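A note on names: the letters A, B, ... follow the listed sequences, proteins ahead of strands, and every chain is numbered from 1. Keep in mind that what you see is a predicted model, and the values were worked out from it rather than measured.
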Number of protein chains: 2
Amino acid sequence: MESYRKFFHQYFLLYRPFISDLNRLLNEYDLHYSQWSIMYYLEMYESVTLVELSKHLYVEKPTITRTVNSLIKLQYVEQIKGRDNREKRIQLSPRGKEITAILRKNIDEYEQDIMTGISPEQQAEVIEVMDQIRSMIIKRGV
Amino acid sequence: MESYRKFFHQYFLLYRPFISDLNRLLNEYDLHYSQWSIMYYLEMYESVTLVELSKHLYVEKPTITRTVNSLIKLQYVEQIKGRDNREKRIQLSPRGKEITAILRKNIDEYEQDIMTGISPEQQAEVIEVMDQIRSMIIKRGV
DNA sequence: TCAGATAGTTACCATGAGTAACTATTAGGT
DNA sequence: ACCTAATAGTTACTCATGGTAACTATCTGA
């Protein structure tokens, strides 16, 4: 089999086992991966608008609206006032920050665990390659 | 950010852009990725049972049943007689083989396109790492 | 031979995502 | 300054994908 073909084959084979485990960790706090991806982003960038999330996560706006609303309902996320009255700018609530810290720790442990035996150099290589492919896909789609 | 953390972050960032493009290619033949993953497997292994698919794809049996039935309805897949009357053994139909060949070509082109600039050595490295991680996840889950 | 294991199905529910059509607000060109 | 076009977000609806529980049919092995 050609190596590029193998690449994508292997990529998808990893997805389902991986997301299953992650959701198992997240369920302890009534969360699913789609919600976590937003909390994760908020942990890094402090505050964001729904359009920013939509573009970054490659998910349509209505889906983002729904997921963000579920996080607001759980009181993990809160809306803040922005300059532009059209936009809805959100950030993690104090409770959201707590939960994020705990989950970040659990997920870190899990990730380190399943990465056992893979050298930091290999990890860096893989990260770089995935980043390049994402860029190619996005550039292509414009 | 720790490199193991970056790995999973980057992994998921690639998933949605990638699956969106794939589904766009597959839609020409009324297919979605969940169906394609089965056709792809059938192209490699000739004939399989639903339980084999379930284990390999890491998806529960009822989900496999539904997806396989949709492929039978599309006449891309047909049931064949096996030794064990409990099992449902399937293979690609002649039409299914045609479609698979065409799609394989289109997807190959697409994949080669977005892998431009990534050396075969890098590709091999990444494939190896993803395989190792999948093994770790599965072993862990036992 | 029959109890337990295995293969598959049915019914039902949850999650995640998309499209079309809409409102509210802002930005920019004249 | 005004109005059109663009942008941000929402609502309503639908589809794809997947899970669990409970079931039937068949096979295997003590």
* Structure fact -> For A/Asp131, the salt bridge (Lys or Arg N to Asp or Glu O under 4.0 Å) test, sequence neighbours excluded, returns none
* Asked: Would A/Arg104 and A/Glu111 count as a salt bridge (Lys or Arg N to Asp or Glu O under 4.0 Å) if you check the C-alpha gap in whole Å, the side-chain angles of each, and the deciding distance to 0.1 Å?
  -> CA-CA 10 Å; A/Arg104 199 50 271 177; A/Glu111 290 180 353; 3.6 Å; yes
* Asked: When you look at A/Glu52 and A/Arg89, which way does the salt bridge (Lys or Arg N to Asp or Glu O under 4.0 Å) test go after all the steps?
  -> CA-CA 10 Å; A/Glu52 279 166 41; A/Arg89 183 163 288 274; 3.6 Å; yes
* Asked: Ring centres of A/Tyr15 and B/Tyr58 under 6.0 Å apart?
  -> no
* Is the distance between the ring centroids of A/Phe18 and B/Phe8 less than 6.0 Å? -> yes
* Structure fact -> Heavy atoms of B/Gln91 and B/Glu46 approach each other most closely as CB-O, 3.4 Å
* Asked: When we call it a touch if two heavy atoms are under 4.0 Å apart, what does A/Thr65 touch: a base, just sugar-phosphate, or nothing?
  -> base
* To do: Give one of base, sugar-phosphate or nothing for B/Thr49, where a contact means two heavy atoms less than 4.0 Å apart.
  => sugar-phosphate
* Structure fact -> Min and max contacting nt of DNA chain D in 5' to 3' order, chain A heavy atoms within under 4.0 angstrom, are D/dA6 to D/dG19
* Do nucleotides 23-29 of chain C as a string where each nucleotide becomes B, S or -: B if the base has a protein heavy atom under 4.0 Å, S if just the sugar-phosphate does, - if no protein is that close. => -BBS---
* **Side chains of B/Gln132 and B/Ile137 in contact at under 4.5 Å (non-hydrogen atoms)** => no
* To do: State, with a plain yes or no, whether a side-chain heavy atom of B/His9 is found less than 4.5 Å away from one of A/Met44.
  => yes
Between [X] ([atom1]) and [N] ([atom2]), how many Å, whole number?
{"X": "A/Arg66", "N": "C/dG18", "atom1": "CZ", "atom2": "P", "answer": "9 Å"}
{"X": "A/Gln35", "N": "C/dA17", "atom1": "CD", "atom2": "P", "answer": "11 Å"}
{"X": "B/Asn23", "N": "C/dG16", "atom1": "CG", "atom2": "P", "answer": "17 Å"}

* **Member of B/Asp21, B/Asn106, B/Ile107, B/Ile99 meeting the side-chain contact (heavy atoms from CB on, under 4.5 Å) criterion with B/Leu26** => B/Ile107
* Mind checking side-chain contact (heavy atoms from CB on, under 4.5 Å) for A/Ser70 and listing every partner two or more places apart, or none if nothing turns up? => A/Gln35, A/Thr67
* **Those residues that, when tested against B/Tyr41, pass ring-ring contact (aromatic ring centres under 6.0 Å, His included) (two or more places apart)** => B/Tyr45, B/His56
* Asked: Is the base of C/dA17 touched by the side chain of B/Arg16 through a donor-acceptor pair closer than 3.5 angstrom?
  -> no
* Structure fact -> Result for 5'-nearest mapping on DNA chain D, choosing between B/Tyr33 and A/Glu87, is A/Glu87
* Any A/Ser34 side-chain nitrogen or oxygen under 4.0 Å from OP1 or OP2 of C/dT15 -> no
* When you measure from every atom of DNA chain C, which of residues 50-63 of chain A have a heavy atom less than 4.0 Å away? -> A/Val59, A/Glu60, A/Pro62, A/Thr63
